[in-house]
Amino acid sequence: MSDFSKETDARINIDDLLRQAGWNPADKSQVMTEISAQMADGRRGRADYLLLDQRGRPLAVIEAKKRAIEPYVAKNQALPYARKLEAPFIFLSNGELIYFWDYQNDDARIVNSFFSRRDLERLLEMRSTRQPLATIEIPEYYTRQGEIRLVRPYQRETMQAIDHAVELGKRRFLLELPTGTGKTDLICLQLKRLIQSGYAEKILFLVDREQLAKQALEAIQDVLQRNSYWLKPSVIRQEQQITVCLLQTMISRYREFTSGYFDVVVADECHRSIYGVWQTALTHFDAFHIGLTATPAAYIERNTFDFYNCRNEQPDFNYSIQTAFEQKYLVPYRFATGITEIIAEGAEVDEVYYDPAAFERKWTNEASNRLMMQEFDRLAWENYQELAPGQKIGPGKSIVFALTKNHAARLTRYLNELHPECKGRYAEVITSDVANADDLIRQFKYEDSPQVAVSVDMLNTGFDCREVLHLVMCRTVRSPILYQQIRGRGTRTAPHIDKRKFVIYDFFRNHEYFNDSDTDIYADTGRGHVSTRSNQQQSRPRSELIELGLRDRWQQYVSYVEVGTEGERVDKRDYLTNWEQTIQSAVTNDPILQKIRDGELLTETEETELVRRLNTPRYYFNEENLRRAYRNYNNSLIDFIRAALGTLKIKSHEELLEENFRAWLVSHSFAPAQAQYLSLLKNRGIAKGQLTIDDLFLPPLSVLNAAGLGIELFGEQGLRDIFDELNRSVFAVDATGTEG
């Protein structure tokens with residue numbers, strides 16, 4: 001085959017890629033080809049493609065190369081054409097790889113797609129009006145939730161650090177600030193400055209929890225005061241300045257956007273985002289990437305630092321929790337003393353796999369549950385005015401963390417029995433099965449009742465109530481990050497009630513597991529496990545101190561789903577059978593289900609109505625329950641409806657782990673023999689949820705001399721490091737895409 005015909009094949013692909021980005025290669029008012037250009041030395045050349053703006057002016061030259069050629073090498077060939085034709089941008093492509101080059105400002109970089117006409121016009125307009133970030137004033141104050149807030153010194157320093165990095169040409173930034181220090185407010189203030197300076201116009205705010213999405217929208221409305229919306233699964237996309245989206249949703253919708261659609265992508269709790277297929281939703285966008293995390297650097301995976309181009313595995317800006325306590329930007333805590341500690345010998349052994357129902361029956365019977373609630377309630381009433389002298393109503397806002405929905409319901413009932421004068425409003429269960437959960441959260445935050453919120457995992461992160469004085473841990477926690485997230489619910493300051501301290505009622509001695517002490521809160525809190533028990537004298541290896549996120553691994557292995565406000569346990573198979581039969585019988589007369597069946601997008605109103613109708617006491621069909629039943633956290637309620645209607649196949653847990661493994665393998669530059677060896681171990685890791693060196697000495701791997709071969713390929717320490725990364729980044733990553 002001739003070189004010409006190979007380049008012709010590349011151009012066929014380029015034409016297809018242009019169409020996907022909204023260009024019409026046949027329309028000469030948009031795309032011109034073979035444009036003659038006379039160079040300064042008198043030679044004549046031809047630009048393969050020229051993209052035009054709406055007024056017919058040059059926007060970008062495309063230099064096409066045959067597939068065998070790395071397009072980057074064509075920079076010097078394309079540059080004279082672009083300058084002669086006065087096109088401000090250049091694309092280099094062989095039909096597979098695409099490079100974008102803003103040649104007056106940056107080097108060429110790989111992008112996932114061509115940019116649309118609107119993308120390029122927006123970039124050109126911003127470039128013409130851009131000002132140095134240092135010239136954009138950092139405000140002294142801002143308004144949030146109806147009150148004037150002071151911009152804190154560390155928030156100012158964070159913005160200055162981003163300014164400096166931008167001026168040096170950095171395009172990805174990782175910021176570490178503890179829970180309660182105003183990360184969302186801070187990033188909204190910085191986004192406002194990026195918009196004012198001409199660095200940003202279109203912004204994507206990615207989160208992985210609905211509560212975080214709601215929190216982001218509130219902050220955007222208050223601080224940025226710009227048009228924003230929440231992009232939900234199968235809801236019609238809107239053309240607004242700021243898009244808030246769940247990472248799980250963007251995984252299935254990122255192809256609707258060109259790589260140049262957003263100027264800034266913010267990823268909240270970003271340490272959970274750089275895994276397997278989830279990373280694609282980030283890397284698709286050629287934008288300034290800002291990652292926010294409350295997780296200390298010691299628990300952040302190397303691939304997160306790699307993605308954000310951080311040197312020496314250090315964030316671009318760090319503000320430690322110890323410093324926040326010292327400077328009184330976070331409220332200190334103490335552990336309740338004299339409470340009954342419910343310690344289960346062996347409760348921590350294989351805790352990733354234990355069945356919580358069996359655990360509940362053995363360790364949290366009615367007597368122990370009543371005792372926990374009585375002791376918490378008594379101490380809370382005795383101490384609340386010491387904790388916050390301005391708190392007028394006892395005992396102050398409290399969050400109880402239960403093990404299961406059934407457990408939460410019983411704890412709530414016992415609390416309400418202690419206060420009959422409140423007529424059942426003293427404590428409320430807040431879980432996904434409560435139809436008015438959002439209303440209850442609002443009432444808990446802003447009204448006198450309820451005083452106590454009892455939840456399983458809904459309030460662990462993304463929940464901001466500054467008045468919380470009491471945190472009650474009625475479950476074991478073995479994830480250092482989850483422990484810090486729970487503790488962080490109480491650290492926010494509340495000057496209006498003169499909040500001075502909060503109390504943690506740790507009935508399961510979780511703080512001992514993490515060596516967390518309230519006698520020196522400025523110490524390195526919650527970072528290690530030092531057990532005092534005779535059967536657990538040694539610290540667990542780091543690979544076992546994984547982030548469980550908001551869903552423990554047991555949810556992948558138990559056979560039931562907890563539904564309803566009482567946490568009734570329904571066999572997963574029965575739940576799914578009922579779900580499929582209900583959807584299939586309803587579609588005939590339901591226009592919203594018919595739209596989903598026919599692949600049409602919904603309006604926001606239709607989606608809200610559908611969610612409300614399905615999550616009724618009759619069925620409790622909601623996204624969380626369906627994800628547990630399907631053992632799949634990447635899919636949405638709409639996806640599960642399509643699965644019930646037979647128009648979509650839901651991938652199994654094992655298939656998702658296979659995808660995670662392939663994505664991980666591709667992201668590393670292994671030699672073929674190394675990649676083949678690791679593929680050999682994959683099934684063992686998927687089946688067990690982890691890989692250990694001992695597995696290499698057991699059949700079937702021992703028969704293949706897996707130990708000797710592994711040491712030959714990686715070295716003994718190298719093999720251990722690979723296992724540790726696989727366990728944390730692939731096998732310990734459940735179907736949510738998060739560790740767990």
Side-chain angles (χ1 to χ4, degrees), residues 102 105-106 119 122-177 181-207 212 215-229 240-245 260-270 282 285-294 308-310 315-319 329:
D102 179 0
N105 294 288
D106 300 297
D119 297 340
R122 190 185 72 254
L123 286 174
L124 192 58
E125 172 63 23
M126 287 193 302
R127 194 171 74 176
S128 68
T129 60
R130 186 168 296 166
Q131 306 170 52
L133 269 167
T135 66
I136 306 300
E137 184 180 5
I138 296 174
E140 296 289 333
Y141 302 92
Y142 65 101
T143 302
R144 184 78 165 92
Q145 295 177 331
E147 68 179 25
I148 303 297
R149 295 188 183 177
L150 178 71
V151 174
R152 297 170 173 177
Y154 64 84
Q155 293 175 319
R156 177 178 296 274
E157 290 169 18
T158 307
M159 287 186 267
Q160 290 170 337
I162 296 176
D163 291 356
H164 182 64
V166 168
E167 295 299 334
L168 291 176
K170 199 171 193 291
R171 293 178 57 82
R172 296 181 180 181
F173 320 94
L174 179 61
L175 312 176
E176 178 201 325
L177 296 97
T181 53
K183 291 193 302 297
T184 310
D185 289 5
L186 159 64
I187 207 60
C188 286
L189 289 168
Q190 181 65 7
L191 289 174
K192 191 171 187 176
R193 297 178 66 246
L194 286 167
I195 292 169
Q196 291 170 342
S197 64
Y199 274 97
E201 180 63 29
K202 289 279 195 176
I203 295 162
L204 172 63
F205 211 114
L206 283 174
V207 298
L212 289 171
Q215 180 178 294
L217 286 167
E218 289 175 2
I220 289 165
Q221 180 65 37
D222 277 358
V223 180
L224 270 171
Q225 298 178 333
R226 303 278 176 152
N227 293 330
S228 62
Y229 80 109
Q240 297 200 33
Q241 186 171 10
I242 303 172
T243 301
V244 176
C245 185
Y261 185 87
F262 294 108
D263 305 307
V264 180
V265 175
V266 178
D268 201 1
E269 296 302 331
C270 64
L282 290 174
F285 298 110
D286 181 64
F288 287 107
H289 285 265
I290 303 175
L292 306 176
T293 183
Y308 287 103
N309 304 136
C310 295
D316 292 283
F317 185 84
N318 160 263
Y319 182 64
Y329 289 120

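Because the structure is a prediction, the values reported are computed rather than measured.
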[X] side-chain N/O to [Y] backbone N/O, donor-acceptor pair under 3.5 Å:
| X | Y | result |
| --- | --- | --- |
| R130 | G198 | yes |
| K170 | D316 | no |
| D263 | E201 | yes |
| K202 | Q240 | yes |
| R226 | I242 | no |
| E167 | L133 | yes |
| R172 | C310 | no |

**OP:** Establish, from distance only, whether the side-chain atoms of T293 and E176 form a donor-acceptor pair under 3.5 Å.
**Re:**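 Absent: no donor and acceptor within the cut-off.
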
Subject >> D185-Y142 side chain donor-acceptor pair, cut-off 3.5 Å >> reply: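 Yes - a donor-acceptor pair under 3.5 Å links their side chains.
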
Can you sort out the partners of [X] under side chain to side chain contact (heavy atoms under 4.5 Å, CB included), two or more places apart, ordered by chain and number?
| X | value |
| --- | --- |
| L217 | S228, W230, V244 |
| Q145 | R149, E218, D222, Y446 |
| Q131 | T135, I136 |

**OP:** Taking only Lys NZ, Arg NE, NH1 and NH2, and the carboxylate oxygens of Asp or Glu, determine whether R152 and E157 approach each other closer than 4.0 Å.
**Re:**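 Here R152 does not pair with E157 in a salt bridge, since their nearest N and O are not under 4.0 Å apart.
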
Original post:
Taking the six-membered ring where the residue is Trp, are the ring centres of Y154 and Y329 under 6.0 Å apart?
Top reply: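 Yes, the ring centres sit under 6.0 Å apart.
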
**OP:** Validate the cation-pi geometry between R171 and F288: distance from NZ or CZ to the six-membered ring centre under 6.0 Å, angle to the ring axis within 45°.
**Re:**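 Judged by the rule, R171 and F288 form a cation-pi pair.
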
